[in-house]
Amino acid sequence: DARVTQTPRDKVTEMGQEVTMRCQPILGHNTVFWYRQTMMQGLELLAYFRNRAPLDDSGMPKDRFSAEMPDATLATLKIQPSEPRDSAVYFCASAMTETGRETQYFGPGTRLLVL
Amino acid sequence: AQKVTQAQTEISVVEKEDVTLDCVYETRDTTYYLFWYKQPPSGELVFLIRRNSFDEQNEISGRYSWNFQKSTSSFNFTITASQVVDSAVYFCALSDLRSSNTGKLIFGQGTTLQVKP
């Protein structure tokens with residue numbers, strides 16, 4: 001049963017600290033997405049990669065957020081420095097896409113609390 | 001503009017009742033995909049169904065069924081004989097030509113379903 005995995009599941013940190021979230025996409029999937037979920041904004045797309053190349057990160061605050069895919073089995077999302085308004089659940093999703101409309105499968109999320 | 005509207009914020013039913021979750025979408029494209037995801041209290045997002053715009057056949061999977069009507073731009077989800085384990089937030093999502101070039105799923109705000117014993 002292939003699944004997207006994310007670590008850590010929960011993270012509590014203090015304002016100003018660096019936060020790194022990791023995602024392992026489903027083996028063979030070529031597209032990885034990062035989403036953020038908050039009560040106010042719902043689910044927002046932050047960034048996405050296809051074949052490890054970043055294709056769109058327009059949803060991401062550039063000054064403090066960065067997303068990378070060091071290899072096909074690992075995607076990372078970093079926040080430096082973190083702020084209380086970054087508190088949210090961060091989801092990674094992966095898909096095997098050709099047309100861009102294939103099903104996205106989500107990981108369990110990282111629940112981030114910035115104090 | 002692409003948009004997904006789930007007008008029902010919260011629904012509460014008693015176990016064994018049938019319940020329908022509404023989803024209305026907007027898109028200018030003729031080719032698009034519609035999705036439903038379930039988010040149980042544990043927090044993960046679970047894929048339920050994908051439907052493309054050229055397939056208007058209704059889908060049934062066990063107690064779940066989906067009614068796709070292009071004429072009213074709706075993709076409603078019905079749970080028959082609801083169970084407590086169906087309690088979750090349900091999201092409807094759209095992927096069309098414009099959003100799919102960015103890989104973006106356009107999500108509705110979600111409907112929280114509470115099934116009471």
Side-chain angles (χ1 to χ4, degrees), chain A residues 1-6 8-10 23 25-26 29-51 53-60 67 75 88-112, chain B residues 2-10 23 25 27-55 59 61 66 68 75 88-112:
Chain A
D1 187 17
R3 293 188 181 205
V4 175
T5 58
Q6 288 185 249
R9 292 295 307 275
D10 288 281
C23 166
I26 292 173
H29 280 192
N30 66 344
T31 309
V32 174
F33 307 84
W34 283 104
Y35 288 88
R36 177 170 63 185
Q37 185 180 34
T38 60
M39 288 294 291
M40 294 300 295
Q41 301 296 328
L43 278 154
E44 309 171 272
L45 178 69
L46 297 176
Y48 103 108
F49 295 78
R50 181 165 292 159
N51 298 320
L55 288 193
D56 185 1
D57 60 3
S58 58
M60 208 163 64
V89 180
Y90 291 81
F91 286 102
C92 173
S94 74
M96 181 61 210
T97 66
E98 292 178 349
T99 64
R101 293 173 221 151
E102 281 74 2
T103 300
Q104 296 182 24
Y105 293 91
F106 285 76
T110 293
R111 195 187 319 262
L112 174 65
Chain B
Q2 310 96 40
K3 188 178 177 182
V4 176
T5 302
Q6 295 179 255
Q8 304 149 307
T9 306
E10 291 184 26
C23 173
Y25 61 92
T27 176
R28 282 176 283 179
D29 290 322
T30 56
T31 303
Y32 51 89
Y33 284 77
L34 295 162
F35 302 79
W36 276 95
Y37 286 86
K38 173 183 179 180
Q39 188 173 37
S42 52
E44 72 270 29
L45 277 159
V46 178
F47 164 72
L48 295 178
I49 190 171
R50 182 182 81 163
R51 171 67 70 209
N52 77 56
S53 54
F54 296 108
D55 183 2
E59 176 106 3
S61 175
W66 291 269
F68 176 32
F75 186 44
V89 182
Y90 291 86
F91 291 94
C92 181
L94 164 72
S95 174
D96 64 12
L97 188 62
R98 286 178 185 76
S99 63
S100 64
N101 285 337
T102 64
K104 190 174 179 177
L105 277 176
I106 299 158
F107 283 92
Q109 286 300 104
T111 296
T112 300

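Note on naming: letters A, B, ... go to the chains in the order of the sequence lines (proteins, then strands), and numbering restarts at 1 for each one.
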Arg111(A), CZ atom: more than 12 neighbouring heavy atoms under 6.0 Å: no
Is there a side chain to side chain contact (heavy atoms under 4.5 Å, CB included) between Phe33(A) and Leu105(B)? Walk through the geometry before answering. CA-CA 10 Å; Phe33(A) 307 84; Leu105(B) 277 176; over 6 Å; no
Give the member of Gln37(A), Gln41(A), Gln6(A) that has the highest number of heavy-atom pairs under 4.5 Å with chain B. Gln37(A)
Just do the side chain to side chain contact (heavy atoms under 4.5 Å, CB included) check on Gln39(B) and Phe91(A) with the steps written out, would you? CA-CA 12 Å; Gln39(B) 188 173 37; Phe91(A) 286 102; 3.4 Å; yes
Assess whether side chain to side chain contact (heavy atoms under 4.5 Å, CB included) is satisfied between Leu43(A) and Leu45(B), documenting all intermediate values. CA-CA 11 Å; Leu43(A) 278 154; Leu45(B) 277 159; 4.1 Å; yes
So which atom in Gln104(A) and which in Tyr37(B) form the shortest heavy-atom distance, rounded to 0.1 Å? O-OH, 2.5 Å
What part of Arg9(A) lies closer than 4.5 angstrom to a heavy atom of chain B: side chain, backbone, both or neither? side chain
How long is the straight-line distance from OG1 of Thr103(A) back to CG of Leu48(B), given to the nearest 0.5 Å? 11.0 Å
